[in-house]
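One structure is given here, and the rest of the page talks about it.
Chain letters run A, B, ... following the sequence lines, proteins first and then strands; every chain starts at 1.
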2 protein chains.
Amino acid sequence: MHATLQEHIIKRLGKVPERFEEVAKAFEPLRPKRGTYLLQEGDVCKYVYFIVEGCLQVFVIDKNGNESTREFYTEEQWVTDIFGFKNQQASEEYIKCVEPCKLLRIHYDAFQHFSAEVPAFAQIYQQILELSYSSTVYRVNTLTSLDALDRIKWLMENKPTLMSRLSNKLIASYLGISPETMTRLKGKL
Amino acid sequence: MHATLQEHIIKRLGKVPERFEEVAKAFEPLRPKRGTYLLQEGDVCKYVYFIVEGCLQVFVIDKNGNESTREFYTEEQWVTDIFGFKNQQASEEYIKCVEPCKLLRIHYDAFQHFSAEVPAFAQIYQQILELSYSSTVYRVNTLTSLDALDRIKWLMENKPTLMSRLSNKLIASYLGISPETMTRLKGKL
DNA sequence: TCAAATCATTGACATTTATCAAGAGTCGTT
DNA sequence: AACGACTCTTGATAAATGTCAATGATTTGA
């Protein structure tokens, strides 16, 4: 699994990073099965996860008990609850495997250590931050400026693999609509 | 105006930063009046803005011509279209002064230069990134998991100054509801 | 300070979306 | 391969929110 990580890093950095072996050792492999929670509301998020294979759902639960998905993450993406992780505070989010996964995780302590000590690591972290922030900004804009049907179209055009990979119900929770509305609107396409 | 910037940086960094004078020179003061656009859809965003005084609205315009506000920024906050700025690509957002403002702006070239050359600058940038990302994540979760009334309550509890400082119409565009609904729901509190 | 423009509020009505329920279908696990 | 659990779809209905229009209030910039 570490080979995938190395390839990913080379892609990002354009070179084999300094001290890669050392950093790689801090990444612990993990093969959670479908349905496993990596984080629950109230937990302190102690890890950043790198997805070698599989799909993670990050969501909150509203007052009616419904899941609202903030984001789905798949192969070669980085996942954490950034606020809870950075401040080592109780999280408001859940992170759950919606497929059997192959993951690598790095602990908060190691993360802090390498951020400070290995410039290439800090550099990649910053790239990930910028990308994650950009895509979350984009997400806010689609949520507020598009109606339900246009959000579905948007997802089909921009993340077609998610659309086919995940259940109707999960997609609906990502788009902020009920599964029934999702079914009905898909009929209008 | 540079004094405000220095104070802000000292607060963030916990010390007077190295090479502050040099960096400060790259920040150009600006006093746009209410209604001024700092960025329009299709423009390439060439600056990061620091707000000394005033309030900026970042928004998109939907297919019906309505504004959807992604965020409001006020004193001592940093504003840009992160994606367009980082990639120097056409933006999809507008940035507009909703009050007369006192701003400092730094150009893309200087920003890149100091990011690479002045560690303290890079460090502050990363802090801003983390904070901005965290708050945008939070925003996604409130938008998808709360209904209109709870979003109003949330804003009143968490950003009361925005609530009193901005018009009903602007607040409504931030909460993703129509001004009429906003008026009606406020009556239910 | 005043005139023009914008904004807030309210009512009537339309539209969108949610909810609940039930049956058929699908999927995962053993 | 079969069981059980979950999911999808559809219909009927309810609830939430949007739209349009009119009036009065407020704000702003000259």
Item to check | B:Arg105 to B:Tyr47 six-membered ring, cation-pi geometry met (6.0 Å, 45°) | outcome: yes
Item to check | Cation over ring face, B:Arg70 and A:Tyr138, 6.0 Å, 45° | outcome: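 Because its charged atom misses either the 6.0 Å distance or the 45° angle limit, B:Arg70 does not stack over A:Tyr138.
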Item to check | Residue pair A:Leu146 / B:Asp62, side-chain heavy-atom distance below 4.5 Å | outcome: no
Next on the checklist: Do A:Phe50 and A:Glu76 have side chains that approach each other closer than 4.5 Å (heavy atoms only, starting at C-beta)?
Outcome noted: yes
Item to check | Rounded to 10 degrees, the angle between the two terminal axes of the helix from C:dT1-D:dA30 to C:dT30-D:dA1, each from five pairs | outcome: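 That helix gives 80° between its end axes.
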Checklist entry - So, the side chain of A:His107 versus the backbone of A:Ala26: is there a donor-acceptor pair under 3.5 Å, distance only? => result no
Answer yes if the side chains of [X] and [Y] hold a donor-acceptor pair under 3.5 Å, and no otherwise.
{"X": "B:Glu41", "Y": "B:Tyr94", "answer": "yes"}
{"X": "B:Glu67", "Y": "B:Ser173", "answer": "no"}
{"X": "A:Ser91", "Y": "A:Asp43", "answer": "no"}
{"X": "B:Thr136", "Y": "A:Thr136", "answer": "no"}
{"X": "B:Glu92", "Y": "A:Asn141", "answer": "no"}
{"X": "A:Glu130", "Y": "A:Gln126", "answer": "yes"}

Between [N] atom [atom2] and [X] atom [atom1], what is the distance in whole Å?
{"X": "A:Asp150", "N": "C:dT16", "atom1": "CG", "atom2": "P", "result": "12 Å"}
{"X": "A:Leu166", "N": "D:dT7", "atom1": "CG", "atom2": "P", "result": "12 Å"}
{"X": "B:Ile177", "N": "D:dG18", "atom1": "CD1", "atom2": "P", "result": "7 Å"}
{"X": "A:Lys186", "N": "D:dC8", "atom1": "NZ", "atom2": "P", "result": "7 Å"}
{"X": "A:Lys188", "N": "C:dT15", "atom1": "NZ", "atom2": "P", "result": "11 Å"}
{"X": "A:Met163", "N": "D:dC8", "atom1": "CE", "atom2": "P", "result": "11 Å"}
{"X": "B:Asn66", "N": "C:dC7", "atom1": "CG", "atom2": "P", "result": "13 Å"}
{"X": "A:Asp62", "N": "C:dA18", "atom1": "CG", "atom2": "C1'", "result": "12 Å"}

Using a cutoff of under 3.5 Å, can you pull out all pairs of nitrogen or oxygen atoms linking the protein to nucleotides 10-12 of chain C, with atom names and distances?
residue: C:dG11; atom: N7; partner: B:Arg184; partner atom: NH2; Å: 2.5
residue: C:dG11; atom: O6; partner: B:Arg184; partner atom: NH2; Å: 3.0
residue: C:dA12; atom: N6; partner: B:Arg184; partner atom: NH2; Å: 3.3

Show me the protein contacts with nucleotides 1-3 of chain D, counting only N or O atoms at under 3.5 Å.
none

Between the protein and nucleotides 23-30 of chain D, list the N/O to N/O atom pairs that are separated by less than 3.5 angstrom.
residue: D:dG29; atom: OP1; partner: B:Arg34; partner atom: NE; Å: 3.4

Checklist entry - What is the ring orientation for A:Phe111 with A:Phe85, classed by angle as parallel under 30°, tilted 30 to 60°, or perpendicular over 60°? => result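 Rings of A:Phe111 and A:Phe85: perpendicular, over 60°.
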If you check the [X] side chain, which of [options] turns out closest?
{"X": "B:Lys169", "options": "C:dT17, C:dA8, C:dT19", "value": "C:dA8"}
{"X": "B:Leu185", "options": "C:dT19, C:dT17, D:dT17", "value": "D:dT17"}
{"X": "B:Asn168", "options": "C:dT17, C:dA8, C:dT19", "value": "C:dA8"}

Item to check | For DNA chain D, the residues among residues 151-159 of chain B that have a non-hydrogen atom under 4.0 Å from it | outcome: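 Hits under 4.0 Å, by residue number: none.
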Checklist entry - NA contact type, B:Gly176, heavy-atom cut-off 4.0 Å: base, sugar-phosphate, or nothing? => result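 Sugar-phosphate contact only - B:Gly176 comes under 4.0 Å of backbone atoms but never of a base.
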Checklist entry - Under 4.0 angstrom, heavy atoms only, what part of the nucleic acid is A:Ser178 near: base, sugar-phosphate, or nothing? => result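 Base contact - A:Ser178 has a heavy atom under 4.0 Å of at least one base atom.
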Item to check | All salt bridge (Lys or Arg N to Asp or Glu O under 4.0 Å) counterparts of A:Glu18, not counting sequence neighbours | outcome: none
Item to check | Upstream residue (5' side of DNA chain D) when A:Leu170 and B:Asp147 are each assigned their closest nucleotide | outcome: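 It is A:Leu170 whose nearest nucleotide is closer to the 5' end.
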Next on the checklist: When you group the ILVMFWY residues by side-chain heavy-atom contacts below 4.5 Å and let the links chain together, are B:Tyr174 and B:Leu185 in the same group?
Outcome noted: yes
Item to check | N-O pairing of A:Arg165 and A:Glu75 below 4.0 Å | outcome: yes
Checklist entry - In a check of ring-ring contact (aromatic ring centres under 6.0 Å, His included) between B:His8 and each of B:Trp78, B:Phe27, B:Phe20, which one passes? => result B:Trp78
Next on the checklist: Quick check on A:Lys159: does its NZ atom have over 12 non-hydrogen neighbours (other residues, nucleotides or ligands) under 6.0 Å away?
Outcome noted: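 Counting neighbours around NZ of A:Lys159, more than 12 heavy atoms of other residues, nucleotides or ligands fall under 6.0 Å, so yes.
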Checklist entry - When the nearest nucleotide of DNA chain C is assigned to A:Asn64 and to B:Met182 on a heavy-atom basis, which residue is associated with the more 5' position? => result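 Nearer the 5' end of the strand: B:Met182.
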